[in-house]
Amino acid sequence: MPELPEVETIVRELRPHLTGQTLSHPRLYHTDVLRRVSRERLLRTLRNNRIADVSRRAKHIVIELGTSERLVIQPRMTGSLVVYERRLSADERRYAVLQVRLGTGTQLVFRDVRRLGTIWLLSPSAWERYTRRIGPEPLAAGFSAARFAAQLRPSRQAIKKVLMDQQRLAGVGNIYANEALFRARIDPSRPADRLSDAEYRRLFRTVRAVLREAIAADGTTVRDYRTGTGKTGSYQFVLRVYGREGQPCTRCRTALLTTHSIDGRATTFCWRCQGKDA
DNA sequence: ACGAGGTCCTGCGAGC
DNA sequence: TGCTCGCAGGACCTCG
């Protein structure tokens, strides 16, 4: 799914298209994506409402409405939110979950092949509770290596799993966890409470570098991800470990390995560069 | 509290 | 060719 860089790209592209627009003709094609909101209330709230702002929190797209409620979309694995300034093709209409007209032939469409994505409609107080449960933003101006370490270190779980724990740190998923750990030369299976201060400083730097570089490249398109205007990202061409099992390590040329032993997710790494106490 | 594993979905590629 | 199986950018839940 879209991780932080993909959602940031979507939001940056959509903001100028959406801000100030009035919504009409909302259509919901599947109700199983709704969380704590009925189809009726969602459609009623969207109809003739105005978009006040579009932003990102962790991996979630936040559309603030003129009535100060927030439409929050979690794309999860295969969701994408795209503005079309023309009619949709049959293929684009396929897998549409939510569609809203923005005016003169322009449509905002949330589509999601696997439909693991979710849609929330939150009051200001519900939003406050929602965002409070998510960890700090890794790219926030005041975020520091010390704060980063303080968030992750209390856990004895594998550092890779902890890095992806949204309650400890916002926005890092499987692709960027793999990339950041490789670049910091840290074994993904190491317990988080056993990393040194120096290792946390390294990991802090590589997490932020990888996320920033991925945003600059408009994100990583493995299969389904598209930017807010329907384009693919380009960071997939820059990945050093994710999806490169068996290929040579960019640093030492040793063949990269993949394990599923950490949280059941694919972890690709260089056993030589990311060895036990490398 | 922790880890393991299932669940929600559909599509795709590998292997037989 | 046509099947079954496992796996896929995530997060939430239950069980032991």
Side-chain angles (χ1 to χ4, degrees), chain A residues 1-11 29-36 56-61 72-81 91 94-98 110-120 129-131 133-135 138 152-181 188-194 207 210-211 213-215 217-228 232-246 258-268:
Chain A
M1 110 158 217
E3 304 182 28
L4 185 154
E6 288 74 34
V7 176
E8 181 66 25
T9 301
I10 290 169
V11 164
Y29 299 101
H30 299 275
T31 55
D32 54 1
V33 301
L34 299 180
R35 293 293 181 277
R36 292 178 215 166
R56 176 190 64 75
R57 173 72 172 116
K59 308 173 188 176
H60 312 162
I61 300 156
V72 176
I73 297 177
Q74 292 192 25
R76 301 263 181 108
M77 299 287 254
T78 54
S80 58
L81 187 67
D91 185 58
R94 206 172 166 209
Y95 308 118
V97 170
L98 177 67
F110 177 59
R111 71 195 297 271
D112 188 356
V113 172
R114 287 176 68 184
R115 234 179 310 117
L116 298 176
T118 54
I119 295 176
W120 309 63
R129 289 191 296 276
Y130 184 97
T131 190
R133 296 186 57 224
I134 305 170
L152 306 190
R153 184 174 270 154
S155 175
R156 276 178 297 188
Q157 305 204 76
I159 184 60
K160 182 184 173 235
K161 181 171 158 64
V162 176
L163 205 47
M164 292 191 291
D165 181 345
Q166 298 302 296
Q167 299 205 46
R168 295 183 183 275
L169 185 71
V172 177
N174 200 33
I175 291 179
Y176 300 110
N178 277 295
E179 294 299 310
L181 286 162
S189 67
R190 292 260 305 283
D193 64 351
R194 297 232 282 269
V207 164
V210 163
L211 295 176
E213 289 169 21
I215 290 170
D218 295 330
T220 303
T221 298
V222 174
R223 177 172 296 165
D224 300 278
Y225 162 68
R226 295 294 181 275
T227 74
T232 57
S234 61
Y235 199 70
Q236 63 275 16
F237 302 118
V238 187
L239 296 172
R240 300 186 191 180
V241 285
Y242 181 85
R244 296 193 64 243
E245 177 183 1
T258 293
T259 176
H260 286 84
S261 63
I262 303 169
D263 203 28
R265 312 287 304 279
T267 301
T268 304

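Keep in mind the model is a prediction, meaning the values are calculated, not measured. Residue numbers start from 1 in every chain, and the chains themselves are labelled A, B, ... in the order their sequence lines are given, proteins ahead of strands.
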Original post:
So which heavy atom on A/Ala192 is nearest to which on A/Val162, and how close?
Top reply: CB-CG2, 4.0 Å
**OP:** Report yes if a side-chain nitrogen or oxygen of A/Arg94 is closer than 4.0 Å to either non-bridging phosphate oxygen (OP1 or OP2) of B/dG11; otherwise report no.
**Re:** yes
**OP:** Find the distance A/Glu245:CD to B/dA14:P and express it as a whole number of Å.
**Re:** 13 Å
Subject >> Between B/dC8 and C/dC3 - C1' atom distance, rounded Å >> reply: 25 Å
Original post:
What is the minimum heavy-atom distance between A/Leu4 and A/Pro138, and which atoms define it?
Top reply: CD1-CG, 3.8 Å
**OP:** Classify the side chain of A/Arg114 versus the base of B/dC9 as yes if they form a donor-acceptor pair under 3.5 Å and no if they do not.
**Re:** yes
**OP:** Nearest whole angstrom, please: distance from the C1' of B/dA1 to the CZ of A/Arg168.
**Re:** 11 Å
Original post:
Between atom CE in A/Met77 and atom C1' in C/dC7, what is the gap in whole Å?
Top reply: 9 Å
Subject >> CG on A/Asp193 to CG on A/Leu152, rounded to 0.5 Å >> reply: 11.5 Å
Original post:
CG of A/Asp165 versus C1' of B/dA1: gap in Å, rounded?
Top reply: 13 Å
Subject >> Gap in Å between the two P atoms, one belonging to B/dC9 and one to C/dG2, rounded >> reply: 29 Å
**OP:** Have a look at A/Tyr242 and say if it touches a base, only the backbone sugar-phosphate, or nothing, with a 4.0 Å heavy-atom cut-off.
**Re:** sugar-phosphate
Subject >> For A/Ile262 against A/Ala158, the heavy-atom pair lying closest together >> reply: CG2-CB, 3.9 Å
Original post:
P atom, C/dT1 versus B/dT10: distance in rounded Å?
Top reply: 26 Å
**OP:** First locate atom CD1 of A/Ile61, then atom CZ of A/Phe110, and finally report the distance between them rounded to the nearest 0.5 Å.
**Re:** 7.0 Å
Original post:
Mind pulling the stems DNA chain C is in, i.e. runs of at least three Watson-Crick or G-U pairs, everything under 3.5 Å?
Top reply: B:2-8 with C:10-16, B:10-16 with C:2-8
Original post:
Using the ring of each side chain (for Trp, its six-membered ring), is A/Tyr130 parallel, tilted or perpendicular to A/His60, with breaks at 30° and 60°?
Top reply: perpendicular
Subject >> 5′-ward residue of the pair A/Ala158/A/Arg115 relative to DNA chain B >> reply: A/Ala158
**OP:** Ignoring hydrogens and angles, state whether a donor on the side chain of A/Arg226 or A/Ser80 is under 3.5 Å from an acceptor on the partner side chain.
**Re:** no
Original post:
Taking only side-chain nitrogens and oxygens of A/His260, does any of them come within less than 4.0 Å of OP1 or OP2 of C/dA8?
Top reply: yes
**OP:** Would you mind reading off the distance between A/Asp32 atom CG and B/dC8 atom P, rounded to a whole angstrom?
**Re:** 11 Å
Original post:
To the nearest Å, how far apart are A/Arg111 CZ and B/dT10 P?
Top reply: 14 Å
**OP:** Specify the closest pair of heavy atoms between A/Thr258 and A/Ala266, including all atoms of both residues, with the distance to one decimal.
**Re:** CG2-CB, 4.2 Å
Original post:
Taking CG from A/Asn174 and C1' from C/dA8, how many angstroms apart are they, rounded to a whole number?
Top reply: 10 Å
**OP:** Quick one, give me the B/S/- string for nucleotides 11-16 of chain C, reading 5' to 3', where B means a protein heavy atom under 4.0 Å from the base and S means that only happens at the primed atoms, P, OP1 or OP2.
**Re:** S-----
Original post:
Looking at B/dC12, B/dT10, B/dC8, which one has an atom nearest to any side-chain atom of A/Arg223?
Top reply: B/dC12
Original post:
Which heavy atom of A/Glu3 sits nearest a heavy atom of A/Gly173, and at what distance?
Top reply: OE1-N, 2.7 Å
**OP:** Determine the contact category for A/Ile175: base if any of its heavy atoms lies under 4.0 Å from a base atom, sugar-phosphate if only primed atoms, P, OP1 or OP2 are that close, otherwise nothing.
**Re:** sugar-phosphate
**OP:** Over all heavy atoms of both residues, which pair between A/Pro2 and A/Gly79 is shortest? Give the atoms and the distance, please.
**Re:** CG-O, 3.7 Å
**OP:** Calculate the interatomic distance between A/Asp224 atom CG and B/dC12 atom P; express it in whole Å.
**Re:** 9 Å
Original post:
Within the structure shown, what part of the strands sits under 4.0 Å from A/Asp112 by heavy-atom distance: base, sugar-phosphate, or nothing?
Top reply: nothing
